[in-house]
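Accompanying notes for the structure given below.
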Amino acid sequence: MSDSTTTYLITGAGSGIGDALARRLAARGSAGLWFLVRSEARAAELGGRFPGARAVVADLGEPESLAAALAEQELPARLDALVHSAGVVELGPVAETDPKVWAETMAVNLVGPAELTRLLLPRLRAARGHVVFVNSGAGLSAGRGWGAYGASKHGLKALADALRAEEAGGGVRVTTVYPGRTATPMQAKVHRQEGREYEPGRWIDPESVATTLLTALDLPRDAQLTDVSVRPGP
């Protein structure tokens, strides 16, 4: 299947890993890029950077609004890949994390992706498509201060595992990628919250994670990458 006939929907394409993946796909000449973005301004920005791409304006933090937002768009009947790259982080000890932080973190990082996947499953099934979740090292092991974020990412792993088991019979592949610390705007925020100086060169380049995502997406149909950890090089 050539990239010119392949349709991707990416969340979090405005920066970091999602941006790196979108640029790599666009460079292949794909005319099938869709983005889920939070604002019309972001949609216009991405439209200027990726001619021919289209956007759905919706907030993953309000999962109940996603159905109406998708209904307003003429989405293709077949969707070859859905890549979940958006996320939020707010560090803090469990003793000081209030319900608002828990609710927002769970909505954006877990419930929103679950609902978006549910809504797009008919299109993914039609294409025998691929769902890719950009998780985190915190989705495997969460340290102090990472309670809410880690819990949301552990939940995202469970979502992916259940989805893989449920949809395998229809040919839908599911991959989870667990990047370690990656040089993104989110990582800069994490360092501010940790009170540490941010040195991007110490961490994984988003392009390297995008290469991992493309490896999973490009893998021949006889195989699938289920869980892949990516860590900073030595």
Side-chain angles (χ1 to χ4, degrees), residues 10-24 35-46 49 55 57-63 83-113 116 132-157 159 176-213 228-234:
I10 306 170
T11 73
S15 65
I17 294 168
D19 170 73
L21 177 64
R23 285 188 283 103
R24 296 278 288 276
F35 303 122
L36 188 138
V37 297
R38 291 185 63 181
S39 68
E40 293 288 353
R42 179 69 88 181
E45 175 201 335
L46 290 176
R49 290 170 50 201
V57 178
D59 188 349
L60 286 172
E62 300 176 359
V83 181
H84 294 282
S85 184
V88 296
V89 62
E90 196 68 43
L91 301 187
V94 172
E96 298 174 11
T97 303
D98 62 35
K100 182 179 179 181
V101 171
W102 279 98
E104 179 184 5
T105 303
M106 288 295 176
V108 175
N109 293 357
L110 177 57
V111 183
L116 183 61
V132 179
F133 295 93
V134 180
N135 199 296
S136 166
L140 297 171
S141 178
R144 57 189 299 162
W146 291 81
Y149 182 79
S152 72
K153 292 297 189 176
H154 274 67
L156 195 66
K157 179 186 185 302
L159 168 63
T176 298
V177 176
Y178 305 90
R181 291 191 182 238
T182 304
T184 65
M186 178 182 284
Q187 190 59 230
K189 176 182 178 180
V190 166
H191 275 69
R192 288 195 298 272
Q193 293 180 351
E194 293 174 326
R196 297 199 295 158
E197 183 179 352
Y198 177 51
E199 300 177 40
R202 294 184 58 192
W203 310 121
I204 304 168
D205 191 310
E207 293 286 344
S208 298
V209 182
T211 296
T212 306
L213 300 177
V228 185
S229 291
V230 185
R231 294 292 177 265

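None of these values were measured; they are calculated from a predicted model.
Looking at residues two or more places apart in sequence or on another chain, you find a side chain to side chain contact (heavy atoms under 4.5 Å, CB included) between S229 and L140, Y178, R231. Applying the side chain to side chain contact (heavy atoms under 4.5 Å, CB included) test to E62 and every residue at least two apart in sequence or in another chain returns D59, E64, S65. Looking at residues two or more places apart in sequence or on another chain, you find a side chain to side chain contact (heavy atoms under 4.5 Å, CB included) between A107 and P63.
Side-chain contact between P179 and V134: present, with at least one pair of heavy atoms (C-beta onward) separated by less than 4.5 Å. Side-chain contact check for R24 versus E207: some heavy-atom pair is nearer than 4.5 Å. When side chains are defined from C-beta on, P113 counts as touching L156, because their heavy atoms get closer than 4.5 Å. Side-chain contact between R42 and V57 is absent, with no heavy atoms from C-beta onward closer than 4.5 Å. Residues I17 and V177 fail the side-chain proximity criterion, which asks for heavy atoms closer than 4.5 Å. Counting heavy atoms from C-beta outward, T182 and Q187 have side chains that stay 4.5 Å or more apart.
Distance check, rounded to the nearest 0.5 Å: CD of Q193 to CD of E90 gives 4.5 Å. The CG atom of N135 lies 9.0 Å from the CG atom of N109; values are rounded to the nearest 0.5 Å. Atoms CG and CG, from L116 and L36 in turn, are 6.0 Å apart once rounded to the nearest 0.5 Å. F133 contributes atom CZ, which lies 10.0 Å from atom NZ of K153 (distance to the nearest 0.5 angstrom). For the atom pair CZ (F35) and CD (E45), the distance works out to 10.0 Å, reported to the nearest 0.5 Å.
Although no hydrogens or angles enter the test, the distance criterion places a donor-acceptor pair under 3.5 Å between the side chain of D98 and the main chain of V101. Side chain of T184 to backbone of G16: no donor-acceptor contact under 3.5 angstrom is found. For the pair H84 (side chain) and G12 (backbone), a donor-acceptor distance under 3.5 Å is absent. One N or O on the side chain of T11 and one on the backbone of A86 form a donor-acceptor pair closer than 3.5 Å.
Checking R144, R181, K189 one by one against E194, the salt bridge (charged side-chain N to carboxylate O under 4.0 Å, His left out) holds for a single residue, R181.
The 12-atom threshold is exceeded at CD of E199, counting heavy atoms of other residues, nucleotides or ligands nearer than 6.0 Å. Heavy atoms of other residues, nucleotides or ligands lying less than 6.0 angstrom from CZ of R38 number 12 at most.
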Report the C-alpha distance between W146 and V89 in whole Å, list the side-chain angles of each, state the deciding distance to 0.1 Å, and finish with yes or no for side-chain contact (heavy atoms from CB on, under 4.5 Å). CA-CA 9 Å; W146 291 81; V89 62; 4.2 Å; yes

Step by step, work out the side-chain contact (heavy atoms from CB on, under 4.5 Å) result for Y149 and T97. CA-CA 11 Å; Y149 182 79; T97 303; over 6 Å; no

So E104 and K100, salt bridge (Lys or Arg N to Asp or Glu O under 4.0 Å) or not? Walk me through it. CA-CA 6 Å; E104 179 184 5; K100 182 179 179 181; over 6 Å; no

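Across every non-hydrogen atom of M106 and A151, the tightest pair is CE-CB, 3.5 Å. Closest heavy-atom contact between P232 and G180: CD-CA, 4.5 Å. Scanning both residues, L21 and A210, for their nearest heavy atoms gives N-CB, 3.9 Å. Nearest heavy-atom pair, G18 versus S85, reported as atom, atom and distance to 0.1 Å: N-OG, 3.2 Å.
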